[in-house]
Amino acid sequence: MGDYNPVVIRNIERVPNDIVESFRELSTPNVSDALERNRINGVMEGIRAMVQGAKMVGPAITVRYVPLSPAEQGTREDIGDYLFEIAQPGDVIVIDNGGVTTYTCWGDILTFTAIKLGIAGTVIDGVFRDYDNILKMKYPIFAKGTLPRTGKDRLQIDGINVPVKVGGILVRPGDLIIGDDTGVLRVPKERAHEVLKDAKEVEEAERMIIEAVKSGLTLREARQRYRYFQLQRAKS
């Protein structure tokens, strides 16, 4: 076998915990509207919630896998070899497996380990297995789907805490990841504060619109009163 030297970065800058906690109260649609206002594309397309009702918010620990050459044998390492050393409670594991849907890169043993470490959830550009056991654990996992086939002898780690692409979106280590039943978003860590402010405005406007409609206004009137469509458009 050739030389195997994955890039492993152990220390990263994370979004401050108070900001993470504030995002926990918001839905992905409201945060998505705030991203639109700030001209940020953060919606991971094709990645869906696999465990309903399991919300996830936290800074990203990124993992990049690459296919193992057929001439080589044995998956030499996986994220499990690094979780105890690198991940902190509240982190989200974000895996770029190149969108592969013919073999998996996550299962119930990794899930059990992640829960033990207090990991907030996992996002996979690809598929995973042991779905029935993971459902019982109620672990937040977001992926393209499920498949029984192992990734052993088929993949290897290329980098940890390196820039990755998941659902068409660039994710850097420490960026904020938000997932709920509607989908998954990435908020750039250096823009988290302003996105949070705008998302709260959208949330409040929606609350006021519903109250206004309850009190007798038409939906058109309520939206105009609270500038709903302006809040969804990019800032000039």
Side-chain angles (χ1 to χ4, degrees), residues 9 12-49 55-64 90-99 120-126 140 142-144 159 161-210 212 219-236:
I9 299 172
I12 64 169
E13 179 185 355
R14 292 169 170 83
V15 175
N17 190 60
D18 61 328
I19 292 181
V20 173
E21 291 304 313
S22 295
F23 271 101
R24 201 178 302 282
E25 305 302 318
L26 300 168
S27 69
T28 55
N30 287 345
V31 177
S32 178
D33 288 350
L35 290 170
E36 295 274 358
R37 286 194 76 191
N38 288 278
R39 302 177 187 271
I40 300 169
N41 183 14
V43 178
M44 298 184 190
E45 297 181 5
I47 310 296
R48 61 189 182 91
K55 188 166 184 176
M56 169 190 73
V57 183
I61 295 291
T62 62
V63 182
R64 184 172 62 224
D91 286 343
V92 172
I93 308 300
V94 179
I95 300 175
D96 177 356
N97 197 27
T122 297
V123 182
I124 306 169
D125 198 342
F142 299 78
K144 288 191 167 185
N161 283 331
V162 296
V164 298
K165 185 169 280 190
V166 175
I169 298 299
L170 175 71
V171 180
R172 303 161 306 165
D175 283 343
L176 187 66
I177 307 299
I178 306 165
D180 59 20
D181 287 351
T182 305
V184 190
L185 303 172
R186 167 256 187 177
V187 178
K189 52 191 171 185
E190 70 276 8
R191 305 286 299 276
H193 187 271
E194 60 188 302
V195 171
L196 174 63
K197 177 178 177 294
D198 290 339
K200 285 183 174 180
E201 282 190 38
V202 173
E203 180 189 48
E204 178 63 11
E206 289 188 348
R207 187 184 69 80
M208 296 300 293
I209 287 167
I210 290 172
L219 181 57
R220 181 190 297 273
E221 291 169 337
R223 282 173 168 167
Q224 288 176 342
R225 174 177 293 184
Y226 296 106
R227 301 173 51 251
Y228 185 58
F229 293 129
Q230 287 91 332
L231 292 176
Q232 294 176 311
R233 294 193 181 104
K235 297 174 184 177
S236 58

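All heavy atoms count here, side chains included; hydrogens, waters and symmetry mates do not. The structure displayed is predicted, hence computed values, not measured ones.
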Applying side chain to side chain donor-acceptor pair (under 3.5 Å), name anything that partners Glu190, two or more places apart in sequence or on another chain. Arg172
Quick one: does Val202's side chain get under 4.5 Å of Leu26's, heavy atoms only? no
Does a side-chain heavy-atom distance below 4.5 Å link Val94 with Asp96? no
Heavy atoms only: give me the nearest Gly174-Ile12 pair and the separation to one decimal. N-CD1, 3.7 Å
Could you state the interatomic distance from CG (Asn30) to CG (Asp198), rounded to the nearest 0.5 Å? 11.5 Å
Quick one, Ser22 and Lys200 - any side-chain contact, counting heavy atoms below 4.5 Å? yes
In this structure, are over 12 heavy atoms from other groups packed under 6.0 Å from Glu21 atom CD? yes
With rounding to the nearest 0.5 angstrom, report the CD1 to CD1 distance, Ile169 to Ile40. 10.5 Å
Shortest non-hydrogen separation from Gly90 to Pro59 and the atoms involved: O-CD, 3.6 Å
Report the distance from atom CZ of Phe142 to atom CD1 of Ile124, rounding to the nearest 0.5 Å. 11.0 Å
Closest heavy-atom contact between Pro163 and Pro173? N-CD, 4.3 Å
Asn161 versus Ala60, closest heavy-atom pair with distance: OD1-O, 4.2 Å
What are the two closest non-hydrogen atoms of Asp175 and Pro188, and how far apart are they? OD1-CA, 3.6 Å
Just one of Ile47, Ile95, Asn97 clears the side chain to side chain contact (heavy atoms under 4.5 Å, CB included) bar with Asp125, so which one? Ile47
So does Lys197 pair up with Glu201, basic N to acidic O under 4.0 Å? yes
For Arg48, all residues meeting side chain to side chain donor-acceptor pair (under 3.5 Å), sequence neighbours excluded: none
I'd like to know whether Leu176 forms a side-chain contact (heavy atoms from CB on, under 4.5 Å) with Val20, so could you lay out the CA-CA distance, the side-chain angles of the two residues, the decisive distance to 0.1 Å, and finally the verdict. CA-CA 8 Å; Leu176 187 66; Val20 173; 3.8 Å; yes
For Lys55, side-chain contact (heavy atoms from CB on, under 4.5 Å) partners two or more places apart: Val57, Asp180
Ignoring hydrogens and geometry, is there a side-chain-to-backbone donor-acceptor pair from Thr28 to Gly179 under 3.5 Å? no
Quick one: are Ile61 and Arg14 in side-chain contact, heavy atoms under 4.5 Å? yes
As a quick check of understanding, evaluate side-chain contact (heavy atoms from CB on, under 4.5 Å) for Met56 and Val184, giving each step before the final call. CA-CA 9 Å; Met56 169 190 73; Val184 190; 4.2 Å; yes
Looking at every heavy atom in both Ala34 and Ala199, which two are closest together, and how far apart are they? CB-N, 3.4 Å
Please report the interatomic distance CD1(Ile178) to OG(Ser32), rounded to the nearest 0.5 Å. 10.0 Å
side-chain contact (heavy atoms from CB on, under 4.5 Å) assessment of Val166 paired with Arg186: CA-CA 10 Å; Val166 175; Arg186 167 256 187 177; over 6 Å; no
How long is the gap from CG on Leu35 to CG on Asn41, to the nearest 0.5 Å? 8.5 Å
